[in-house]
Amino acid sequence: MRLGDRIRGSPLGDSRIFEFLLDLSPAQALKSPLLTEFWESSFSCSLKGSSGGARGCDGSEDIRALQNPYTDTSQLRITNMVYKATYAIAQAIHGVICNDTQCDKSDKFMPWQILEQLKKVNFTTKNGYQVTFDPNGDPLAIYELINWQFEKDGSIDFVTIGRFDSSKPRGQEFRINRAISWLGGQTEVPRSVCSESCPPGTRKAVQKEKPVCCYDCTPCAEGEISNNRGHVSQYSGHFCW
């Protein structure tokens with residue numbers, strides 16, 4: 001069993017990028033080296049005709065039928081962060097060159113002016129993300145809590161079991177909304193102990209070359225007793241009387 005965290009995934013609030021890819025034609029892709037690489041790697045064909053053993057693209061390729069990270073926008077993570085950063089910079093520039101009535105697009109500005117405006121940025125994207133910064137310049141910390149879970153076929157699934165949101169009131173930042181699968185598929189929290197507490201009449205004897213939580217329970221010496229649980233000693237008779 002493993003637990004971890006990751007950047008929250010979300011579809012982009014602006015679908016125009018996705019629509020642009022879906023409407024892309026071979027002729028349009030050929031005009032851009034980046035789009036040419038995307039097209040050729042997605043369909044395993046060459047836009048410049050058959051070459052090097054690769055077949056030539058014939059125009060029958062359908063981007064809408066593709067199932068790859070480029071077309072699946074439901075769980076974008078790093079891309080979503082870039083999306084928010086771009087909008088934050090745009091908001092900062094707007095704050096520098098615009099006033100209540102108009103914007104001067106020919107106005108020149110310095111990097112420090114953008115930095116000052118970034119500190120004041122506070123907006124919500126179309127997909128519901130709030131973008132703002134604390135006094136230290138750090139953005140809101142929002143993470144998904146994930147659990148490595150074994151499927152019946154032996155594969156591992158990364159299941160979102162909750163989230164951490166630093167914008168929530170103190171004590172409410174963590175939220176777990178589904179059961180955690182621990183080692184062996186059990187749902188109860190395992191006890192992190194090496195040895196159980198020693199019963200009265202015995203003492204702990206630390207095991208050689210083992211962590212201090214690993215010990216043996218040995219009887220008190222003759223004529224001595226112990227009526228408390230969990231006493232530890234490296235010496236015979238200590239904590240016994």
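Small disclaimer: the values here were computed from a predicted structure and weren't measured. Quick note: numbers below take in every heavy atom, side chains included, and nothing from hydrogens, waters or symmetry partners.
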Quiz item: Could E61 and R55 be called an ion pair, given the rule that one side-chain N must be under 4.0 Å from one carboxylate O?
Solution: yes

State the [atom1]-[atom2] distance between [X] and [Y], to the nearest 0.5 angstrom.
X	Y	atom1	atom2	answer
H94	Q91	NE2	CD	7.0 Å
Q117	I89	CD	CD1	11.5 Å
S166	D134	OG	CG	8.0 Å
F164	Y143	CZ	OH	8.5 Å
L145	N177	CG	CG	9.0 Å

Practice problem: Take I63 and F43 through the side-chain contact (heavy atoms from CB on, under 4.5 Å) test and state the conclusion after the steps. | Solution: CA-CA 9 Å; I63 291 184; F43 298 109; 3.8 Å; yes

Say whether, by atom type as modelled, one donor and one acceptor occur between the side chain of [X] and the main chain of [Y] under 3.5 angstrom.
X	Y	result
T202	P219	no
E173	G171	yes
Q172	P169	no

Exercise. May I ask you to check if K119 and F133 form a cation-pi contact, with NZ or CZ under 6.0 angstrom from the six-membered ring centre and within 45° of the axis?
Key: no

For a quick test of reading the model, state the closest non-hydrogen atom pair linking [X] to [Y] and the distance between them.
X	Y	result
S195	C214	OG-CA, 3.7 Å
P26	W39	CG-CZ2, 3.5 Å
L47	E40	N-OE2, 2.9 Å
T160	I146	OG1-CG2, 4.1 Å
I161	A179	CG2-O, 4.0 Å
C45	G56	CB-C, 4.1 Å

Practice problem: Give the intermediate values and the outcome of side-chain contact (heavy atoms from CB on, under 4.5 Å) for residues R175 and D165. | Solution: CA-CA 8 Å; R175 185 182 69 186; D165 188 343; over 6 Å; no

Exercise. Determine whether the side chains of T218 and D216 contain a donor N or O and an acceptor N or O closer than 3.5 Å.
Key: no

Practice problem: With sequence neighbours excluded, give me every salt bridge (Lys or Arg N to Asp or Glu O under 4.0 Å) pair touching residues 84-109. | Solution: none

Quick one: are [X] and [Y] in side-chain contact, heavy atoms under 4.5 Å?
X	Y	result
V121	T132	no
C194	P211	no
V131	N122	no
K48	L30	yes

Self-check item: SG atoms of C98 and C103 less than 2.5 angstrom apart
Solution: yes

Quiz item: How about Q130: does its CD atom have over 12 heavy atoms from other parts shown lying under 6.0 Å from it?
Solution: yes

Quiz item: For Q28, which residues count as a side chain to side chain donor-acceptor pair (under 3.5 Å) partner, sequence neighbours excluded?
Solution: S25

Quiz item: Linking Ile, Leu, Val, Met, Phe, Trp and Tyr by side-chain heavy atoms under 4.5 Å, what else ends up with L115?
Solution: none

Quiz item: side-chain contact (heavy atoms from CB on, under 4.5 Å) between S32 and F38: does it pass, once the steps are laid out?
Solution: CA-CA 10 Å; S32 165; F38 161 71; over 6 Å; no

